[in-house]
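First comes the structure, then the notes that go with it.
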Amino acid sequence: MPTLVIDDQKVTVDPGTTIIQAAKKLDITIPHYCYHPRLKSVDMCRMCLVEVKDIPKLQTACSTQVRDNMVVFTNNQKVLDARRSVLEFLLINHPLDCPICDKAGECMLQDFYFQFSRHTSKFKEKKQKKHKVVNLGPKIVLDSERCILCARCVRFLKEVVGTEELGIFDRGDHSEIGIYPGRPLENNYQGNLADVCPVGALTAKDFRFACRSWFLCQENSICPGCSTGCNVLVHSSERSYDKTLRRVYRLTPRDNDEVNQSWLCDVGRYGYHFVDDPDRLTAPSLKRGEEYVKVDWDTAFREVAQRLRGIFERYSPSSLGIIPSPQLTNEDLYMVKKFFNETLCITNIDFKLPGWNQGQGDGFLLKADRNPNTMGAELLGLSGIGPQAGEIIEKTRLGEIKALYLVGSDPARYLGEEKIASALSRAQLVVFQGSNYNYACKFAHAILPGATFVEKEGTFTNAQARVQKINQALRPLGESLPDWKIILGLALTMGYYFPYKAAEDIFKDIAREVTGFSGLDYKKVGDKGIKLALSGG
Amino acid sequence: MKIVGHKLSFLENIYLFEIVRGLVITTRHFFYNMFFHIAHLLGYQQDVEAAVTIQYPEQTIPVSKRWRGVHRINTRPDGSPRCVACMLCETVCPVQCIHIVAEEHPDPAIEKYPVSFEVDVTRCCWCGMCEEACPVDAIYMDSGKIPKAGYSRQDLVYDKETLTKEVPLPGYQRSLNPPGAGAPKVNPMGL
Amino acid sequence: MELIQFYIVAAITISSAVSVIMQGRVMYSILSLIVTLLSVAWIYAILNASFLAVVQVILYAGAIVVLFVFAVMMLRYEEIEPQRMRTGLIGCLGLLVALFFIFELILSSATGPFVEEATLSADFGSIKSVGAILYTQYLVPLELASILLLVAVVGAALFSKRG
Amino acid sequence: MFIDVAITLLKIAFVFGLVLNIAGILGWAERKQSAVMQDRIGANRADILGLRLFGLFHPIADIVKVITKEDWIPPGGDKFLHTLAPFLALFTALAVFAVIPFGDTLHIAGRDIPLVIADLNVGILFVIAFGSLGIYSVVLAGWSSDNKYSLLGSMRAAAQVISYELALALSVVGVIMAYGSVELDDIARAQGQYVLGIIPYWGVIAQPLGFLIFFAAAMAETKRTPFDLPECESEIIGYFTEYSGFKFLAFWMGEFIEVIAVAGVVTTLYFGGWQVPFIDSQGFFVPGLFTIPLPHLLVVVIQVTAFILKVCFFCWFMLLVRWTLPRFRYDQLMGFGWKFLLPLAFLNVILSGVIFMSFEG
């Protein structure tokens with residue numbers, strides 16, 4: 001185990017470690033462009049030069065492996081001069097158009113220039129003109145003038161994705177990134193290119209010009225796109241919602257070695273738009289004749305409670321069907337189970353609509369099951385109590401089930417509109433609770449707006465039975481509420497009281513009652529999640 | 001707290017003479033001003049002012065060259081705003097009165113432009129920081145205008161078209177590139 | 001002409017006086033009282049006693065009832081149901097007294113006027129004549145009354161200082 | 001008979017037309033005068049077809065504005081009294097003009113027409129009586145508004161008016177002593193005499209102290225600066241807080257009418273009424289030397305004009321005072337009334353009594 005000194009601090013690392021990794025252990029950041037912890041080092045940018053004692057020339061920290069008794073200086077004058085020179089070199093042909101560059105504010109070139117360089121350009125000649133606004137594919141735009149040719153993108157596509165669409169063309173100061181003829185960017189991981197690029201050369205079309213990065217807030221969350229449960233950061237801002245109808249501006253991957261490393265697939269990355277979609281349900285509404293009337297929560301609860309009670313009194317609990325969605329958090333699902341199954345003794349609860357897990361996986365991050373919390377729903381016992389979800393719909397069509405309560409689920413997506421129309425139009429009461437409008441809402445007698453994953457706290461259990469936490473990044477849109485709160489309110493109106501003030505209280509009960517969750521709390525789940533100890537594996 | 005009092009003399013104490021003194025002062029002003037008002041009406045003594053009032057919309061005080069009035073957006077030769085929607089003014093604005101929505105410009109040389117550029121003058125505190133922040137010589141407050149009153153709040157939110165139409169007060173222009181001028185003299189970004 | 005005027009004023013006086021008692025709302029009761037006093041002043045004026053009429057307005061309507069109003073303004077404003085006529089001993093007594101007066105009234109109008117008609121001097125009821133009577137014939141009662149008032153004023157001042 | 005009624009109606013029309021017009025113009029005068037006094041220009045923006053006329057359209061604009069405003073009655077208030085109060089204020093202020101003589105007796109077509117609406121033999125006492133009835137408008141306005149601040153404001157206003165009424169009434173006693181009558185007509189006529197042959201024997205000569213007391217107390221009665229504590233619209237909530245629209249205008253007009261009433265009474269009592277020095281029914285004369293005879297009608301016109309001018313002067317003077325003096329604090333106000341003006345008024349009565357007695361004796 002070599003022990004070395006970096007800037008007068010001693011550190012012991014595994015053999016084979018590079019200086020930049022060892023410095024990271026000491027919380028010393030060595031500036032770099034081409035180095036990426038998950039890609040091979042190539043020494044292209046020369047930014048990470050550090051001085052190693054007894055070696056006359058500066059060494060690249062990203063590729064020099066540590067030796068025992070090595071003494072490294074990352075911050076002395078020699079190193080600083082070198083960085084300055086490297087930056088001056090890199091900026092020779094840079095167009096300096098930070099005001100219109102999407103990367104401004106999170107650009108490493110900008111940061112390091114202000115930190116180390118602040119030079120006046122000595123370059124008198126004409127700047128090299130290159131291609132600007134080059135369409136690399138449906139999601140990415142390239143600006144060659146801003147490119148510093150660190151080749152991170154090229155290497156990402158080669159090493160991680162393996163599709164190798166990008167390459168460096170031409171020579172010298174004419175060098176440019178480009179796609180091979182006839183091989184456009186079509187893979188499912190292009191979004192990562194914009195993240196990987198240290199400067200503003202590659203920008204995401206989805207985020208391009210939508211917001212300056214410094215206006216954004218970040219919150220840890222989990223991608224709701226599939227059962228992988230990739231760790232993400234939600235970048236959000238409410239400042240111009242009225243003008244742009246946008247509050248969530250992007251999702252970026254968050255490091256988690258166990259789940260997604262540093263990557264995020266495009267399906268998940270661009271799947272957040274439903275959060276600010278115009279079809280969001282923003283106020284509880286009740287059907288009056290053919291019209292929907294917006295009401296306040298109390299009125300909505302009273303009406304739903306009254307009609308549910310009416311059906312209970314006239315028929316039996318078996319005339320009521322609940323179809324929750326595996327898109328909901330553990331807390332929401334637990335609340336569904338606790339209230340409808342354990343308190344009201346309804347057994348027609350099931351989330352497995354036919355075809356619920358038949359998306360298309362790609363074998364890397366994207367799973368076939370496009371629901372973030374299928375495992376959680378299974379563990380909480382929301383399946384297999386009574387008939388399957390498909391049977392519940394069928395029973396509704398036959399008139400055996402008089403009332404249907406949909407919690408976030410979209411049966412029309414799997415079963416087709418015709419079937420849903422024939423079933424739901426027969427029911428005496430259809431309550432739709434969810435965040436966005438869908439076909440089933442057409443038949444709902446009451447619509448209760450639920451919050452989306454960025455607007456509530458909770459946990460998802462991914463396919464590897466890993467419990468991961470989502471945090472609230474935004475206020476719920478309009479009057480919408482987290483689903484557990486809606487059920488809590490409905491229960492209270494019907495005369496059942498549950499002592500929950502926050503999602504955390506519900507999770508405590510889950511930990512107490514559900515096998516696998518025992519002993520957990522939000523603190524233990526933390527930012528990176530925790531794997532459940534399941535007997536079956 | 002120290003109260004510095006002034007002992008009233010007997011004459012002051014019985015009010016009467018002090019009241020008369022006050023009345024004499026105001027009466028003097030009244031007749032002095034009245035005399036000149038009438039003289040002005042008859043066309044005499046025009047050079048003597050009888051009132052310090054300035055009849056605002058018709059008459060204005062000449063403002064200082066540094067005075068900050070209603071914002072204006074500088075234009076390119078083709079009349080489009082010079083603004084590249086970098087949102088630095090929006091960022092620096094201490095009262096958040098500027099709202100910009102950016103979009104991709106069809107011309108890749110310009111690349112980014114504001115679809116909507118709104119200044120809410122009801123919120124503006126006239127600090128002029130937007131002027132200083134602007135990297136492309138686009139926003140200036142040298143129109144020398146005081147915002148007009150409006151019947152609704154929306155009337156006082158100036159949009160891109162309004163702001164582009166504003167011109168600098170003659171002789172007061174602070175921007176180095178006049179609106180709609182040819183080749184810009186100052187071109188920090190090559191735009 | 002004068003008689004018609006008198007009957008009108010008398011009607012106003014009596015009806016407003018009844019209103020003083022029958023009103024449910026205190027403020028209206030007091031306003032009726034003012035109307036009563038003003039119409040009494042009018043009667044004085046008809047009787048050529050203009051000084052008395054004006055003094056009636058200044059003193060009663062202008063000063064004394066203002067005190068009443070002040071007192072009422074201090075109280076909480078509540079609507080009071082007009083009280084029923086109370087039967088019982090007091091009611092009977094009141095009825096008896098009323099009957100007696102009505103009887104007297106009928107008797108006197110039947111037997112002719114109480115006072116013989118007299119010709120008035122030209123300045124009857126003017127300030128001069130009232131003053132002359134007050135300061136000659138009724139000098140002592142006037143002075144006594146003014147001393148009483150003075151004592152009351154001094155007493156009030158003293159009490160307000162002490163309080 | 002019929003002609004008598006017609007003449008009385010004519011007089012009423014003349015007086016009220018004059019008073020209401022002056023009151024309307026006072027609203028403009030107040031703005032303009034204060035502006036001129038303070039080196040400003042004042043309201044001059046209202047225009048009809050570009051014609052501005054020194055802002056004379058502002059009173060009209062004000063009235064249009066006020067009439068089109070919502071007439072609001074507090075839901076918890078007393079609807080009847082709330083409506084009654086402002087009109088009571090107008091009525092009591094206007095009634096005073098019934099006894100103010102605005103000219104000498106007019107001899108025309110064999111008739112003697114006294115130029116006063118009602119020649120009551122109680123004269124000045126009538127003025128005081130209606131002044132004291134004016135309190136009710138204040139009290140009822142505050143009480144019927146169902147607003148505790150209005151109520152407090154009305155209490156304050158009523159207290160002030162009652163306090164100053166005493167000094168007001170007592171200061172008049174001196175005038176009554178000087179001219180030996182309470183009738184305003186007699187008082188005005190008696191002021192045609194001359195002291196030492198050349199000085200007009202006006203009330204202000206006979207009663208200088210009484211004049212000051214009367215004027216101060218009368219200004220307090222009109223509730224204008226420096227005695228404007230009941231109103232001071234800008235900072236204190238007063239008795240007409242809950243008033244709007246036309247009823248507010250009624251209070252506002254009432255205030256200006258009171259100003260004119262005070263000016264009229266002061267003119268009549270202390271400044272010779274309709275008397276013009278050295279002009280009597282015979283014509284213009286220089287005492288002891290000669291007389292230039294003037295026609296009767298001209299003399300009457302001169303006298304009536306003189307009366308109106310005097311009233312206008314006092315209106316102007318009261319505006320001048322209002323825009324010169326700062327406001328009293330409330331305790332100072334009450335102290336000034338009770339501890340200064342009232343003893344002074346008593347002193348004035350005693351002094352005048354002694355002086356007149358010694359002159360007569």
Side-chain angles (χ1 to χ4, degrees), chain B residues 1 3-62 145-152 155, chain D residues 29-47 50 52-56 208-217 219-220 225-227 312-329 332-333 335-337 339-341 343-344 347-348:
Chain B
M1 192 168 69
I3 297 169
V4 183
H6 145 72
K7 188 102 177 75
L8 297 179
S9 70
F10 175 73
L11 279 183
E12 285 169 337
N13 225 344
I14 60 170
Y15 302 135
L16 194 60
F17 295 98
E18 291 301 303
I19 288 174
V20 171
R21 233 156 56 107
L23 288 176
V24 165
I25 290 171
T26 46
T27 316
R28 199 174 62 219
H29 273 262
F30 179 81
F31 283 112
Y32 176 88
N33 291 330
M34 211 59 204
F35 173 78
F36 283 109
H37 277 309
I38 292 166
H40 291 172
L41 264 187
L42 301 176
Y44 299 106
Q45 302 280 347
Q46 297 285 11
D47 49 333
V48 183
E49 290 288 328
V52 294
T53 316
I54 285 165
Q55 297 287 306
Y56 165 61
E58 296 96 30
Q59 225 181 336
T60 45
I61 313 175
K145 274 192 194 165
I146 296 168
K148 290 253 159 54
Y151 284 103
S152 71
D155 284 357
Chain D
E30 176 139 61
R31 286 176 184 172
K32 281 306 239 190
Q33 188 182 335
S34 64
V36 173
M37 280 164 63
Q38 295 168 351
D39 299 352
R40 295 186 282 113
I41 285 176
N44 65 347
R45 288 277 149 186
D47 65 87
R52 283 185 174 171
L53 271 189
F54 321 111
L56 264 173
L209 189 58
F211 163 66
L212 289 176
I213 296 166
F214 182 88
F215 198 64
M219 287 214 42
T225 322
F227 306 98
C312 287
F313 170 78
F314 277 102
C315 290
W316 173 83
F317 188 71
M318 281 168 82
L319 296 187
L320 185 78
V321 171
R322 185 219 196 284
W323 288 99
T324 302
L325 298 182
R327 174 188 303 147
F328 281 110
R329 212 168 53 213
Q332 289 174 336
L333 177 95
F336 183 69
K339 294 179 187 163
F340 186 75
L341 278 188
L344 213 60
L347 187 73
N348 184 46

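All chains are named by letter (A, B, ...) in the order of the sequence lines, taking the proteins before the strands, and each is independently numbered beginning at 1. The structure presented is a predicted model; accordingly, all values stated were derived computationally and were not measured.
Looking at heavy atoms from C-beta onward, D:F314 lies out of side-chain contact with D:L319 at the 4.5 angstrom threshold.
In plain terms, the two heavy atoms of D:P226 and D:P326 that are nearest each other are CB-O, 3.2 Å. Nearest approach of D:I41 to B:A51, heavy atoms of both residues: CG1-CB, 3.5 Å.
Environment of CZ in D:F313: crowded, with over 12 heavy atoms of neighbouring residues, nucleotides or ligands closer than 6.0 Å. Within a 6.0 Å radius of CD1 in B:I61, no more than 12 heavy atoms belonging to other residues, nucleotides or ligands are found.
The aromatic ring centroids of D:F215 and D:F317 lie less than 6.0 Å from each other.
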Donor-acceptor pairs, chain B vs chain D, cutoff 3.5 Å:
unit_1: B:T26; atom_1: OG1; unit_2: D:T324; atom_2: OG1; d: 2.8
unit_1: B:H29; atom_1: ND1; unit_2: D:D39; atom_2: OD1; d: 3.1
unit_1: B:N33; atom_1: ND2; unit_2: D:V36; atom_2: O; d: 2.5
unit_1: B:N33; atom_1: ND2; unit_2: D:D39; atom_2: OD1; d: 2.6
unit_1: B:V52; atom_1: N; unit_2: D:D39; atom_2: O; d: 2.8
unit_1: B:T53; atom_1: OG1; unit_2: D:I41; atom_2: N; d: 3.2
unit_1: B:Q55; atom_1: OE1; unit_2: D:N44; atom_2: ND2; d: 3.3
unit_1: B:Q55; atom_1: OE1; unit_2: D:R45; atom_2: NH2; d: 2.9
unit_1: B:E58; atom_1: OE1; unit_2: D:R45; atom_2: NH2; d: 3.0
unit_1: B:E58; atom_1: OE2; unit_2: D:R45; atom_2: NH1; d: 2.9

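In this structure, the portion of D:L325 lying under 4.5 Å from any heavy atom of chain B is its side chain and not its backbone. Interface residue B:L16: only side-chain heavy atoms are found under 4.5 Å from chain D.
Put simply, CE on D:M37 and CZ on B:F31 are 10.5 Å apart, with the number rounded to the nearest 0.5 Å.
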